[in-house]
Every structure is written in C-alpha cells, then in structure tokens.
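Computed from heavy atoms alone, side chains included, the values below leave out hydrogens, waters and symmetry copies.
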Amino acid sequence: MAKEYNFREIEQKWHRLWTQRQTYKVTEDTERQKFYVLNMFPYPSGAGLHVGHPLGYIASDIYARYKRLQGFNVLNPMGYDAYGLPAEQYAIKTGQHPEKTTFANIDRYREQLDKIGFSFDWDREVRTCTPDYYRWTQWAFQKMFNSYFDEDLQKAQPIEKLIDKFKREGRWPSDPKAQSDLLMNYRIAFLGETMVNWCPGLGTVLANDEVVEGVSVRGGFPVEQKKMRQWCLRVSAYSQRLLDGLDTIDWSESIKETQRNWIGRSEGTEVEIKVDGNPDASFTIFTTRADTMFGVTFFVLAPESELVDKLTTSGQRAAVEDYLRYVKSRTERERMIDHTVTGVFSGAYGINPITGDKCPIYIAEYVLAGYGTGAIMAVPAHDSRDYAFARHFNLPIIPLVEGADVSEESYDAKEGTVTNSPSSPDGSVEYDGERLVLNGLSIKEAIAETKRFVQAHHLGRIKVNYRLRDAIFSRQRYWGEPFPVYYKKGIPTMIPEDCLPIELPQVEKFLPTETGEPPLGNAQMWAWDEVNRKIVDKKLIDEQTIFPIELYTMPGFAGSSAYYLRYMDPHNSEALVSDRAASYWQNVDLYVGGSEHATGHLIYSRFWNKFLFDHGVSKKEEPFQKLVNQGMIQGRSNFVYRIKETNTFVSLGLKDQYDVTPIHVDVNIVKNDVLDIEAFKAWSPEYATAEFILEDGKYVCGWAIEKMSKSMYNVVNPDMIVENYGADTLRLYEMFLGPVEQSKPWDTNGIDGCFRFLKKLWALYWDKDGNLTATDSEPSAESLKTLHKLIKKVTADIEVFSYNTSISAFMVAVNELTQQRCTSRLVLQTLPVLIAPFAPHIAEELWEALGCEGSVCDAKWPQYDEKYLVETSVKLGVQFNGKVRFDMLFPADATPEQMIELATSAPEAAKYLDGMQVVKTIAIPKRIVNIVVKPKA
RNA sequence: GCGCUUGUGGUGGAAUUGGUAGACACGCCAGACUUAGGAUCUGGUGCCGAGAGGCGUGUAAGUUCGAGUCUUAUCAGGCGUACCA
C-alpha cells in the first residue's frame, strides 16, 4: 500500500513540535548576521482573516525562512494594531467593552494564523492596546512635547535648549501661561488652534489621509473644516528629511513618488506687496513663477485670511461679508466638486513692487488659506485658475511668452522664451538703480533672474514650501491611547514619566457626554493628584493640587508608528527598546504590506523614527530599508441566472435565450464555475425547490471581479482551503497565483495543480509498499542537472520575490525526477531544504523521514555547481533574414565562426542559400545563428 | 487635470533582459485504468489552413540581421492625488 500524503496529520504534528521545540524563538546573537523581516501588523476585525491577508505574510515568511537557511539570525515577529474605530462602534452598538471584542478577535486571528505555519516568534507579540505597550507610545509623545526642531541642525533638540536661548535673548516671559504659549509654537508635539477635518458623523477629527474626496475613509461621512484646539505633531518640520530619505531606501518608485507628491516640496519666491493708500497694510504672496511678475493683473486672498478684514474698504464691506457667508456655507465636498468661479473685490489695490502698477485685490475661495501665505499674485495669461477668474471678472490678460496664444486658454507650460517683460518701450524697467530685463530668456532663466533680483533688492525672499501638514494627533474617541497630560490651571502639563503608563479608564458609555465632551468625559477616575502622583476621582479637582486630565485619545497611527522597535525588545519594562537590542537589530530589512498606507502609516512611521533617531533611540534614520507592497486580493463573484418570475435557473451558455436576473451565489458552493446544485438548494430555503436548465449536464455560473465582501458572497477564508488541501497547498497556491506585488482576483480554479504537485513530491519518496525510496546510490548525471538547475533558479527567484516562477521550477524538477526514477539520497535530501520556505510542513516531514538531524529550518541552503549544468550540445534556431527556418544541434563550445560554418553547410540550409548570396552572418553562442542573404545580382 | 502603473492564448501568468513568444498551472479534447469519480496516469491544446505554409504580445510607425522587450505617437484599463499658486 502506497503511503498517502496525509497533510492533516503532518501539519498538526509539526505545529505541535514547532511549539514544543520553540523552533521559531529568536534571540540576539552577535555571532550571526541579523535579518529583520516585518509584516504590517493587522487590525483584528470581527470578520477574521480572508485569503487576502496571508498573501503578504506568506511572501515574507518565505523570505524569512530562506534567509534563516542561509545562516542569518532572522527576526520575524507578528502583533496586532488593536486600537481602532470598528471595535469602538461595535461597543457603542452593543455595550460590550471594545477590549473584550478586540481580544476575542485576536484569538481568532491567532488560531487562523497558526494553521498556515508561519515562522513567527510569538514570544515577541505586541498589542497596541495593552498598557505595557502603549506606555511607550505615551513616552514618545512626552518626548516630542519636550523637544523642538532646530532648523539649523535639522534635528530634534531638548526644549531646554530653546528655553536657554530665549533667556539669553531676553525673550523668556515670567508668566507660566505666556511661557507655555511661547513654547507651543516650537514643541514637536503641541496644542494648536488649527483648521481640522471635523467629521460630525463620527464625532471626531480626522487626519488628512483619513479623508478622501471630502468624506471620511471609514464610514464615508461628510467632513467639514472647523477651527479647534488639538494636539498636533510637527511632521512638517521633517519635510526635507522625509524627502531626502526617500533616496536612500529601496522602495518602489511609485510609492516614493506618492510620498514626494504628498510632501509636495515647491521652490518659489515670497514677495512683499504694499497696499495702495494704506501704509500699515501689506501682505506677502508666494509664487513659483517669479518670471511672471510683469503679467500680474490682480491679487487674490483666501477668504479665511486675516488680511481680508484689514484690507476691505468700507464701500466693499457689505459685499465681502456676503461673500464670506457664502463661502462658509459651502462644505469641503462642495468646494471640491464644484469649481465654478466665485470671488469678490475687496476695494483695495496692491502695488506690484517692480512695475509700481496698482492691481485690484480680490477675495476668492480658489486660494487656500493653508498653503503658502494664503495670498497670490494672479497671472491670468499663465495660470489656468487665474485665467478663469480674469475672464469671469473681465480683468486684463497679459501674455509674456513668445508665441503663446491666450485668447482661449492660459499658457501654463514652463517652456518658451520670455517676451513683453516688461512691456515698456525699451523692454526694461529700473528699480533701485538696477535695470531688470527678462525678454529673450527662457522661462527657467527668467525665474532664476527674478529671484536674484527680488532677493538683491529686498522685495522678498526665496522660500521653499511644503504641502505636508502637521498631523492632528487627538481624537474624540474612547478606544485609543490616553494622553499622559493634565491641565494645571489651564496649562497642559506632562504626567511624570515614571508614573506611566496612564491607563485607559473604564467607562460605562462609549459615546460623547451630554455636554459634548469626548467619551473620556464619562470616566469618573480621571483627575491627576500632583502631590500623591496618582489618578483620583475627578470630583476632587481643586485646581490647587488636583487637576483634570486630557479627555482626548491618540489616533490610530500613534501605536503603529514605532511597533517595529518594540518587537526588538518586547518585554523591556525600562525602555521602549534597549540600546543593545536596537544596536543589534538596527532597522527592518524587509517590510511587507499594502500600498494604501503610502501617505499615512508610512509617513508617520518615518517621521516618528527620525524623531527617535535624533534622540539616539532608533539606530537608523530610516525604519524600513526595503518595502514590498503586496497586491490586493480581489473577490471573484459567481452568478446564477434566474428566469424572471420563476424559480428556474439557466446555465451561463444558455442565458441569452431567456429573460434572466443575475443573482450572486456563494463562491464556496461553486467549483471551477460549476455550481454544486445540491449545495445551492441547501443554501437558502428559497432555492430548495429550484429547477435548473443545464448545459452538458452541468450548471455553469457567470463570474465577475469585485471587491471581496460579504454582500457579494465572494469571501473565501483560508481555513476552508487549509481544511481541504492543507496549509502547504494554500501557501504554494497564494504565491503561484502571480507576482506578489500585483493585485489579482482570488480564484480557486488552479489550486488542484499545487495540491497535485505536493502529492507528486510526496510520491517521490515512497515506493508502492510505503517504504522510503532513498538509497545511497550515486545520482545520475541528469538528476544532478535537474537538481542544480532547480537550486540556481529558486535561489535567484527568491531574491527578487518571484515566487510564482520558483514554484513552476519545482513542478518541472519533480516531474523530471519522477521520470528519472531518482532514488538518490543526495538529491532527495536536498529537495526538502529547497521547498522548506514554501511548504514547511511537508519539508519537515520528509526531512525527518530521511533520518536527518534537527529541523529542516536549520539546514543549510544548498549551493549549485555550474559543472552539472554544462551542456555538451545545444539546439539553436538557424535564421535566414531574421526568420527561424530550422533547428539544429551545435557543440556547446563552438565558436561563432564554427557555428556559421556548420549552419551554412547543413543540408537544410541548401534551399535557403540556393541562388542567394550571403550578406552578413551573426552567431551568438547559446543564442542564435543568423544568416542574412539576398538574391544574387 | 496631474503623477504613477499595466496591456501577451479560453484563464492565471512565463520569457535567461534585444535572440526559437506562450514555461508552469487551470480549463478543454482524446485515450488508459475503473462499479463509480470532483481519484490517478498518458498524449494533445495560440489563431487561420486539409496541407505546405501564413498570422500572431492593445493600435500605428521607427531603430535593428532580429523587438513582447528599445524610441515616438496613439488607444484602453488600474491605482494615487486634486483649485498647492
């Protein structure tokens, strides 16, 4: 009786043994080189894992196991991003504490993950919602509060240095409130009165990356702009370093480009504009097109700008106020979709500093308060937005580029030769004793020249602007890290570091209080006793020694910004990470996760790490050296077609003959697009009596690629695959589906191929009586060639994450070895090592069956030897005029000349050479023989 | 609008980086074994054509002895972003 591949038994056995033997436990080992592999940790949602989740985990696990086999000391941890909105909203609905549901979800995730056979060191698990973890989130926040960004050094410094500086300069106020207010302008974590994205639907503020197209990412509720006092992180201070760092890391060009755009560096010029007849008022505009100074025909202020009130003349005040009311009434969303031209004249005129021309100052919503200075010089000829505005208000348009036709639209391109600048008869203008001439220069030269001129004559300065905003760091929510902050007579004060963590207080209700306070307002024990250094009942607040604690909590990205450091030293109660562990593990060598975090987590984390790097906590400026973005797994939905007003279903190929309604059908009762009719009848009572019109005796379903979602009945969870085929098949198949980085629909159709492959591999080791086939016989030359070809291919493929092609190579190799009836122990012992990263369970089982020592995880990755790959002869195509005419064998070491000689003298060549003359011959060893001929004259 | 990215059989996808396009797998067809098969094994399978042969990597041109790969234009899909001056 042949021995069966019993994946259930094998996988259970090895899960048990791996745990018992602590196979995946990692410790710092300075003898060995480290390698740090990391997955973006999951948010444990109530729905559990679906087949999309493990894609990245499998990909990184393969790499981690491969590196381990190569002798590296590999850190491959896993944990949970456990704070988040869904758990809180579930709590609001059901009254269940979010901690309870979150921990239940985590247990379910763990159970599912364990089935797949990852090499995670679970001793290092972190959960962002446990006090021993968020203690360090709070600690980092306090460190940011106590730091400022030194522009000259371009790094974070202790706030005390700044205080010293103020004292030296005599700018240090004596009043504590004034001190606090002054420092708030510099602290890296600071309280700011800023315009925030307020989402009434969620009852909280959101960060920029949590808002898309004017609605919240979670829930899709409208978002409005509101001025609020909030904790913020001065991410913008790190703009330049965040930008520069991109050149030092190994990420895909597209994600780096996304971050570059998000940071949005633009080099431009700030110019002071004086207001006609109002010597006290002046404003500053920002432009990247300094060359267009001579085309300015008006100025525009953002409606939110403080200048609006200052500049509006009494005659225009009523109109301006009307306009401001209109702007305020519009939601962010309306402003985004509707780009109709609106604006109002302020009554004031600005003076173009170079020409001295007076131009009207308008107020219009197309200018944003939050970017640049909130004021622009408008050059309608060369900016499409200014152009639309000028057309609408009948303002002059002055073209400044040779050949630019601005009768229909503006000429925005930065290419061409400047003309008309200035438009004076002699083409120049004198200012402060120097003549400025731009005519004849290219636009780029003109920009540089104007910058120089503006700078030299103190009309303004060169300025670099970034689009990147400071991150709003507080949320009006319950389920998040509490701030270790109390308000001492209104002054935000840090709770002493040695009193951390400040634990999340228990509350009865998770909604905001009736007075509109955040949910933490419901907590009774939420006041800070400064003398006894502990949390006390808020009834005791006396504003002398007992003060209220911050009611906000931190946003989701707080806990996920430095978790990779905590994995290095997860049980340390003295520090986020010990110096020893941080020095050993340095940073993440390979980070795997979705590209949807490009402008969120991946920016915040880089910022957070740079901050900790400035303080010597993190040892590398960039946290993630190489990033691989796994693609999304989309759902593949199946449809059945019900003939209208009947309970009869018609197969796909025949549906056009009827009037049908397509209905989503659970993909789990469809195989290879063929419906399991009995399962369908049992699926819902409605279909119990259904009838079917079949084709070829089968019911064929239609299909579509859609998002994986419950409502489409296309969610496939990994447990079912593991149940039916085993974890090794699941692992292989997820990788075989296509390149890791590519998004693709989940489709179970091909899974049998991977399952068959494992059965074939298994069959290679056992004879028909169930005995091991392995013998000590010398392997045949062809078996050695098969093996070494495989080693070479798999090694090269893993290095570039081309797992699908390495699996193909395994399939070919196993087929070849089966045909060769290979029984050589030497070959049979090498295969499990090669396959171990992909299918660890079967690899362990075979390794053990062969009587090898220890775990296959600790084996040595084999080296290939070119000598087994040498060909004695090689089959090449012989081309005439670039077309392959016949194939023939050449000695592998033939020189090009010999190849040409052999090819032209071959009998098959005669008919192509007849009546022709050879013009040119090309022979590339191991490639091709090409002969160019033409008819004899 | 801007930025990035992808177009190859019925399907997922290969192609040593400019050298015999379609590896491997699914599906399909034929056969073997079988009471049976959603098991296993063998062979076939880009398209047109009976055949020789011809045509084929979104489309059109170009460079080259030779292009899926390089250049230019163009079309289509996907992702990101949005009045950023």
For the side chain of [X], starting at C-beta, report the closest nucleotide among [options].
| X | options | result |
| --- | --- | --- |
| A:Ile922 | B:rA25, B:rA14, B:rC65 | B:rC65 |
| A:Phe736 | B:rG19, B:rC83, B:rC24 | B:rC24 |
| A:Lys759 | B:rU40, B:rC4, B:rA25 | B:rU40 |
| A:Asn930 | B:rG13, B:rC65, B:rA85 | B:rC65 |
| A:Lys920 | B:rA85, B:rG38, B:rC65 | B:rC65 |
| A:Val932 | B:rC65, B:rC24, B:rC83 | B:rC65 |
| A:Phe286 | B:rG3, B:rC26, B:rA85 | B:rA85 |
| A:Val812 | B:rA85, B:rU81, B:rC24 | B:rC24 |
| A:Thr287 | B:rA85, B:rA82, B:rA25 | B:rA85 |
| A:Arg756 | B:rC26, B:rG80, B:rU81 | B:rC26 |

Practice prompt. Flag the pair A:Glu253 and A:Arg260 as a salt bridge only when some basic side-chain nitrogen lies within less than 4.0 angstrom of an acidic carboxylate oxygen.
Written response: yes
Worksheet item: Taking syn as any angle within 90 degrees of 0 and anti as the rest, which one fits B:rU17?
Response: syn
Worksheet item: Going by a 90° cut-off around 0, is B:rG9 syn or anti?
Response: syn
Item to complete: Sort out for me which residue in A:Val235, A:Ile263, A:Leu242 forms a side-chain contact (heavy atoms from CB on, under 4.5 Å) with A:Tyr466.
Response: A:Ile263
Strictly below 4.0 Å: does [X] bring a side-chain N or O up to OP1 or OP2 of [N]?
| X | N | result |
| --- | --- | --- |
| A:Tyr366 | B:rA85 | no |
| A:Asn804 | B:rA25 | no |
| A:Lys744 | B:rG12 | no |
| A:Arg467 | B:rU81 | no |

Worksheet item: Hey, does the side-chain of A:Gln879 have a donor or acceptor N/O within less than 3.5 Å of a partner on the base of B:rG19?
Response: yes
In whole angstroms, how far is the [atom2] atom of [N] from the [atom1] atom of [X]?
| X | N | atom1 | atom2 | value |
| --- | --- | --- | --- | --- |
| A:Lys760 | B:rC24 | NZ | P | 11 Å |
| A:Leu737 | B:rA14 | CG | P | 11 Å |
| A:Tyr387 | B:rG1 | OH | P | 18 Å |
| A:Gln742 | B:rC79 | CD | P | 14 Å |
| A:Lys789 | B:rU16 | NZ | C1' | 13 Å |
| A:Ile447 | B:rA85 | CD1 | C1' | 12 Å |
| A:Glu4 | B:rU40 | CD | P | 12 Å |
| A:Glu253 | B:rU6 | CD | P | 12 Å |

Roughly how far apart, to the nearest Å, are [N] and [M] at atom [atom1]?
| N | M | atom1 | result |
| --- | --- | --- | --- |
| B:rG49 | B:rU42 | C1' | 29 Å |
| B:rG77 | B:rU17 | P | 35 Å |
| B:rG54 | B:rA15 | C1' | 24 Å |
| B:rU11 | B:rU45 | C1' | 14 Å |
| B:rG13 | B:rG78 | P | 16 Å |
| B:rU72 | B:rC26 | P | 41 Å |
| B:rU8 | B:rC47 | C1' | 14 Å |
| B:rA50 | B:rA14 | C1' | 33 Å |

Worksheet item: Mind checking whether A:Phe393 and A:Phe298 have ring centres under 6.0 Å apart?
Response: no
Worksheet item: Closer to the 5' end of RNA chain B via nearest nucleotide, is it A:Ala375 or A:Asn261?
Response: A:Asn261
Response to the item:
When A:Thr373 and A:Tyr725 are each assigned the nearest nucleotide of RNA chain B, the 5'-most assignment goes to A:Tyr725
Worksheet item: What is the distance from atom CH2 of A:Trp746 to atom CG of A:Leu55, rounded to the nearest 0.5 Å?
Response: 9.0 Å
Worksheet item: Rounded to the nearest 0.5 Å, what separation is found between the OG1 atom of A:Thr450 and the CG atom of A:Leu459?
Response: 11.0 Å
Discussion item. Check the orientation of A:Phe757 and A:Phe810. Use parallel for under 30°, tilted for 30 to 60°, and perpendicular for over 60°.
Written reply: tilted
Looking for any heavy atom pair under 4.0 Å, which part of the strands does [X] touch: base, sugar-phosphate only, or nothing?
| X | result |
| --- | --- |
| A:Asp676 | base |
| A:Arg469 | base |
| A:Ser808 | base |
| A:Pro745 | nothing |
| A:Ile924 | base |

Is it true that [Y] and [X] share a donor-acceptor pair across their side chains at a distance under 3.5 Å?
| X | Y | answer |
| --- | --- | --- |
| A:Glu270 | A:Thr284 | no |
| A:Ser236 | A:Asp470 | yes |
| A:Tyr371 | A:Ser266 | yes |

Item to complete: Using Watson-Crick or G-U wobble pairs with both distances under 3.5 Å, give me RNA chain B in dot-bracket, 5' to 3', with [ ] for crossers and | for pairs to another strand.
Response: (((((((..(((......[....)))((((((.......))))))(((....)))..(((((..]....))))))))))))....
Worksheet item: Are there more than 12 heavy atoms of other residues, nucleotides or ligands under 6.0 Å from atom CE of A:Met916?
Response: yes
